[in-house]
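Proteins get letters first, then strands, A, B, ... in listed order; numbering begins at 1 in each. Since the model is a prediction, treat every value here as computed from it, not as a measurement.
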Amino acid sequence: MEYNFREIEAKWRSFWAAHETYRVTEDPSRPKFYVLDMFPYPSGAGLHVGHPLGYIASDIYARYKRLSGYNVLHPMGYDSFGLPAEQYAIQTGQHPAITTEQNIARYRDQLDKLGFCYDWSREVRTSSPDYYKWTQWIFKQLFDCYYDNTTKKAERISGLVQQFEANGNAGVSACTDCETIFSAAEWSAYSPQQKEAILQEYRLAFLADSWVNWCPALGTVLANDEVVNGVSERGGHSVEQKLMRQWSMRIKAYADRLLTGLDTVDWTDSIKDMQRNWIGRSEGAAVRFKVQGHDEEIEVFTTRPDTIYGVSFMVLAPEHPLVDQITTDEFKEGVDHYKKISALKTERDRQSNVKNISGQFTGAYAIHPFNGSQVQIWIGDYVLASYGTGAVMAVPCGDQRDYDFAKHFNLEIINIFADVDISAEAYTEKDAVIAHSEFLNGLPAKAAIKKAIEEIEARGIGKGRVNFRLRDAVFSRQRYWGEPFPVYYENELPQLVDDAFLPIELPEVDKYLPTEDGEPPLARAERSAWKWFAGDRMEHNTMPGWAGSSWYFLRYMDPNNTQEFAGKDKLEYWREVDLYIGGSEHATGHLLYSRFWTKFLYDQGYIPFDEPFRKMINQGMILGRSSFVYRVSHSNTFVSASLKDQYEVTPLHVDISLVENDKLDIEGFKAWRAEFAHAEFICEADGSYLCGHEVEKMSKSKYNVQTPDELVDKFGADTLRMYEMFLGPLEQSKPWDTKGINGVYNFLRKLWRLFYDQNGNLLVTNDAPNPESLKTMHRTIKKISDDLDRFSFNTGVSNFMICVNELTEQKCHNAQILKELSILLSPYAPHISEELWAILGNAPGTVGTQPFPVFNEAFLVESSFSYPVSFNGKMRFKVDLSLDLTAKEVEDHVMAMPETAKWLDGNTPKKVIVVHGRIVNMVL
RNA sequence: GCGGAUGUGGUGAAAUUGGUAGACACGCCAGACUUAGGAUCUGGUGCCGAGAGGUAUGCGGGUUCGAGUCCCUCCAUCCGCACCA
């Protein structure tokens with residue numbers, strides 16, 4: 001009887017479903033373990049073989065932890081709001097909910113085929129009203145809180161208002177954009193509109209006019225992490241800077257804690273560093289410069305206050321609010337022109353023209369706060385409006401960009417470094433001694449920075465300050481398929497919808513496009529289309545994709561709770577995710593936002609932990625292996641790979657299903673597309689057409705997508721699971737190649753043959769296991785658990801192969817051994833393990849809840865060791881010696897051997913190193 | 001430019017603490033068997049060499065009895081960030 005994976009896998013899939021084998025409930029008597037996958041966006045293309053890589057690893061680990069006695073939470077769901085379903089809706093008019101539903105069904109089917117042990121009763125979907133009710137609820141809490149720098153946590157706005165009423169805002173230390181200082185009396189005199197405008201500058205979720213990444217092609221704003229190389233991450237459309245009234249999240253408030261929290265989690269250095277860079281903490285000082293002839297002052301941020309005597313000019317961002325005020329009539333035209341050009345430039349243009357120095361003098365002068373000299377004020381787009389104060393003090397001798405700017409516009413360069421040559425470039429190291437700088441003279445940079453800040457503060461012209469690159473995250477999108485805000489407007493004041501009326505559900509609209517006047521799609525909804533409506537209008541924006549994914553891991557703990565986002569007892573039991581597996585592409589998006597929300601919910605006492613993901617592993621990307629045919633230019637003739645250099649050719653992607661071992665299925669190719677029906681071929685000598693190949697990202701457009709479905713169909717889920725693990729270390733990215741899958745398939749068949757012979761006779765015996773087999777088994781137990789503990793799934797598969805090879809050699813069909821092997825293998829290959837477990841006479845469906853086999857070192861004890869004997873570190877021969885021999889006895893034995901005499905060639909070794917049970921080395 | 005990672009056979013890779021480099025598998029070569037199968041079994045397979053042997057973990061150096069592993073210089077590839085003051 002052959003290994004019939006089709007029958008076996010179908011049988012156990014339905015058994016597990018019928019018996020709810022993987023359902024979990026809270027159980028205080030057992031320790032918990034939470035294993036989480038990054039939930040997928042259910043796209044129309046379905047899963048390719050790259051997607052399940054991480055899911056397989058986490059599934060193996062979850063099963064391993066279950067065997068080890070843990071109560072394991074291992075859920076799955078869908079990040080089901082998003083762009084593709086909406087684009088499809090725009091094109092076809094079909095409601096995105098329908099597309100989403102279909103895609104989810106396809107995903108579920110594909111996931112089920114792989115035999116994952118998800119507790120599907122806990123499934124979440126971000127687009128389900130039962131779920132986004134709580135996304136809206138969390139938004140409300142963020143709206144109703146501010147960040148208090150004194151208590152170092154989020155606090156309620158009502159407390160802030162009390163402070164304003166009692167003392168104004170002078171004594172409040174909060175994370176805010178508010179620069180106005182007001183007294184209690186002034187506060188109470190403000191109109192409701194004015195009060196709300198001020199509160200918006202404190203709220204953690206707030207409305208503000210801000211410079212945003214506007215993507216005209218998508219008709220929406222994008223967050224910084226959604227803009228890559230100056231174009232939109234999705235679709236690659238150009239992005240420009242625009243001042244718009246948008247919802248934002250004051251993530252800056254958490255910058256410091258997001259940074260320090262990284263020290264407490266077990267993530268890779270690369271992800272941590274990406275987040276650190278993204279947060280971009282820099283220490284320095286804010287210094288105010290007076291503008292000659294104006295009351296206004298310009299504040300700059302610098303990390304090098306020690307170089308302040310090197311300031312020879314100042315540069316403002318073109319968008320800086322004071323530019324118009326200070327520009328003199330003479331330069332007005334030039335400044336206006338420059339501002340216009342900058343505004344038209346897309347983000348990409350600004351980035352790609354790094355070496356293009358441009359700027360414009362404003363005609364205004366600032367007064368140097370220490371030496372009183374006049375410094376020209378310029379505008380230039382190398383200064384960013386959104387970083388620091390949007391203005392810099394230019395120190396050409398110490399900053400290369402300032403240096404280049406000064407050279408280009410022939411501005412003064414003052415050298416304030418002792419014994420440093422700056423004739424060719426700026427000196428940017430922090431190790432020079434400061435000169436020509438009055439009270440800073442003779443100090444090395446580090447001491448000078450400290451001294452300069454003290455002096456700046458003493459003179460009241462500025463302050464030491466820590467600045468972050470991290471910007472507040474834009475939180476609204478001009479889209480249909482996202483969470484509606486629980487907000488309505490009265491006299492243009494945003495009002496929160498009462499909890500009792502949540503969720504605010506998406507209203508039906510006639511079209512999914514923005515309105516003719518550029519309003520978001522929700523503006524199309526009739527008043528009656530809203531199930532709940534108040535005020536003058538509802539909020540028309542929707543939340544971004546990262547809203548729902550910032551807290552989904554909490555909902556799995558209590559997915560059907562209608563009273564809370566998750567019950568206190570459940571949160572207290574499951575706590576943070578113990579193991580999170582997913583791609584590293586979310587380093588500065590999802591992984592930062594979910595940490596932010598977690599810290600906020602912790603501050604407000606809703607959850608008992610402030611980091612969501614204790615340990616994270618980032619699986620590598622599985623790349624596709626694309627195949628190419630080579631079309632001779634201006635013809636319908638294709639030339640085989642080895643001959644292509646003799647022609648002028650264009651490579652074309654060809655569907656990998658038409659190619660086997662680089663050989664093209666010519667008839668299939670002709671039938672593939674009408675344009676190729678009459679193609680001619682210039683072939684190899686043997687008449688075959690060879691394709692070229694290249695490793696690329698897997699994508700539909702490259703025709704290199706391999707779906708798991710066809711492989712499951714051909715080889716079974718257990719084989720695919722093990723093969724994906726066998727490919728190499730989980731974290732490494734690797735090209736997909738099915739060549740080796742036979743090896744894994746053969747392994748499972750070989751395993752099967754330990755149970756049945758070719759004629760279907762059961763071979764299992766019940767006699768006592770022999771010592772050899774026990775040794776094999778216990779060595780395997782040790783290796784498999786060690787491999788799992790260090791997430792080395794690929795060597796795990798190898799060790800199973802070694803084990804089965806050895807047992808086959810030993811003709812071992814012993815029930816006790818095979819029983820342990822079935823348990824051991826069940827995390828990797830759950831279907832066949834259940835089958836074998838049942839064959840051995842155990843209760844069906846219970847292999848996954850057995851105790852993990854106990855390693856007994858006694859079976860491994862060896863009496864002798866084959867010592868490698870090396871000379872000057874080169875191994876020459878081996879000798880079997882008893883492990884009872886002492887080092888001296890080993891040495892004596894080896895010295896007496898004829899082989900030793902041969903290699904010594906008459907010499908006496910200077911030294912003989914004997915490491916007991918390891919090696920003998922002679923030093924000549 | 002800054003930060004992170006990775007370089008080992010024809011291929012995917014292994015070597016967890018410095019101790020036999022290449023486990024396991026693919027592929028390839030030779031053979032056996034046969035109900036000719038994507039089957040199974042046996043032997044071989046880093047490179048050079050007929051062999052003895054030599055040589056080999058990106059390059060070059062160092063530490064050590066002994067280095068893929070530790071230290072230094074350099075090179076290449078991949079990923080992330082990038083006018084961040």
Side-chain angles (χ1 to χ4, degrees), chain A residues 2 228-229 268-278 280-282 284 300-304 307 315 317 350-351 353-357 380-384 386-395 398-402 404-405 428 467-471 584-585 587-588 618 620-621 661 714-715 723 726-729 731-735 737-747 749-750 753 758 783 786-787 789-790 792 794-802 805 866-878 909-915 917-924:
Chain A
E2 276 287 301
V228 177
N229 294 326
T268 62
D269 287 339
S270 82
I271 295 269
K272 286 189 185 185
D273 277 333
M274 275 188 227
Q275 290 211 347
R276 288 191 186 108
N277 283 336
W278 191 259
R281 183 180 200 273
S282 53
V300 300
F301 174 74
T302 177
T303 55
R304 294 297 300 274
T307 64
V315 187
R350 278 205 187 188
Q351 281 177 14
N353 291 330
V354 169
K355 293 281 167 274
N356 255 349
I357 295 159
D381 63 11
Y382 83 91
V383 177
L384 307 176
S386 46
Y387 181 75
T389 60
V392 302
M393 58 176 222
V395 183
D399 184 286
Q400 193 57 42
R401 293 150 305 165
D402 296 346
D404 294 341
F405 196 87
T428 55
N467 215 12
F468 293 96
R469 205 192 72 111
L470 182 71
R471 290 169 210 181
S584 57
E585 66 271 20
T588 52
N618 308 109
M621 205 185 342
N661 282 330
K714 261 183 178 169
F715 298 101
Y723 182 56
F726 190 56
L727 279 175
E731 299 91 331
Q732 223 167 74
S733 71
K734 49 225 156 190
D737 195 340
T738 28
K739 264 190 205 153
I741 198 165
N742 268 314
V744 174
Y745 182 54
N746 288 342
F747 154 74
R749 290 157 34 112
K750 203 164 179 179
R753 288 199 299 272
Q758 281 171 320
K783 282 185 168 168
D786 285 355
D787 285 343
D789 287 336
R790 64 194 175 102
S792 179
N794 54 327
T795 52
V797 177
S798 299
N799 284 320
F800 279 118
M801 289 174 170
I802 293 169
N805 287 347
S866 177
Y867 278 93
V869 181
S870 54
F871 294 76
N872 282 339
K874 296 220 179 303
M875 202 278 286
R876 297 302 181 182
F877 60 87
K878 290 188 194 173
K910 290 198 189 100
K911 206 180 193 184
V912 180
I913 312 262
V914 177
V915 182
R918 277 215 183 263
I919 200 167
V920 179
N921 190 22
M922 309 252 176
V923 187
L924 299 179

Testing B:C83, B:C41, B:C24 for proximity to the side chain of A:Tyr382, the answer is B:C83

Of B:A23, B:A5, B:A85, the nucleotide closest to the side chain of A:Ile802 is B:A23

Winner on side-chain proximity to A:Lys874, out of B:A85, B:G3, B:U55, is B:U55

With syn defined as a glycosidic angle within 90 degrees of 0 and anti as anything else, the base of B:G10 is anti

Here the pair of heavy atoms bringing A:Val383 nearest to A:Ala317 is O-CB, 3.3 Å

- Query: So what does A:Arg276 touch, heavy atoms closer than 4.0 Å: a base, only the sugar-phosphate, or nothing?
  - Reply: nothing

I'd like to know whether A:Thr795 forms a side-chain hydrogen bond (donor to acceptor under 3.5 Å, both in side chains) with A:Ser798, so could you lay out the CA-CA distance, the side-chain angles of the two residues, the decisive distance to 0.1 Å, and finally the verdict.
CA-CA 5 Å; A:Thr795 52; A:Ser798 299; over 6 Å; no

For A:Lys734 and A:Pro729, indicate whether the former's side chain and the latter's backbone hold a donor-acceptor pair under 3.5 Å. yes

*Which value, in whole Å, describes the distance between the C1' atoms of nucleotides B:A85 and B:C72?*
34 Å

Problem - A:Thr302 side chain vs A:Met393 backbone, donor-acceptor pair below 3.5 Å - result: no

Next on the checklist: Any base atoms under 4.0 Å from A:Asn746, or only sugar-phosphate, or nothing? Heavy atoms, all strands.
Outcome noted: sugar-phosphate

Here RNA chain B, pairs taken as Watson-Crick or G-U under 3.5 Å and shown with ( ), [ ] when crossing and | when to another strand, reads (((((((..(((......[....)))((((((.......))))))(((....)))..(.(((..]....))).))))))))....

N/O donor-acceptor pair under 3.5 Å between A:Asn872 side chain and A:Leu924 backbone | yes

Picking from B:G4, B:U20, B:A85, the nucleotide nearest the side-chain atoms of A:Ser270 would be B:G4

Query - Between B:A14 and B:G9 - P atom distance, rounded Å - result: 13 Å

Closest of B:C26, B:G38, B:G3 to the A:Lys714 side chain is B:G38

Once you measure the plane-to-plane angle for A:Tyr745 and A:Phe715, does it fall in the parallel (<30°), tilted (30-60°) or perpendicular (>60°) bin?
perpendicular

Contact list (N/O, under 3.5 angstrom) for nucleotides 12-19 of chain B vs protein:
unit_1, atom_1, unit_2, atom_2, d
B:G12, O2', A:Leu727, O, 2.4
B:A13, OP1, A:Gln732, OE1, 2.9
B:A13, O3', A:Asn794, ND2, 3.4
B:A14, OP1, A:Asn794, ND2, 2.7
B:A15, OP1, A:Arg790, NH2, 3.3

Looking only at heavy atoms, the pair that brings A:Tyr382 and A:Asp402 closest together is OH-OD1, 2.7 Å

Testing B:U20, B:U40, B:A85 for proximity to the side chain of A:Ser282, the answer is B:A85

Worksheet item: If we take the C1' atom in both B:G68 and B:G19, what is their distance in whole Å?
Response: 13 Å

Margin query: Any side-chain to backbone donor/acceptor pair from A:Arg753 onto A:Gln758? Under 3.5 Å, distance only.
Written below: no

Quick note, A:Arg876 side chain, CB onward, closest among B:U20, B:U40, B:G54 is B:G54

For B:G31 versus B:G18, give the span between their C1' atoms, rounded off to a whole number of Å.
43 Å

When you measure from the side chain of A:Asn799 to the backbone of A:Lys783, do you find a donor-acceptor pair of N or O atoms at a distance under 3.5 Å?
no

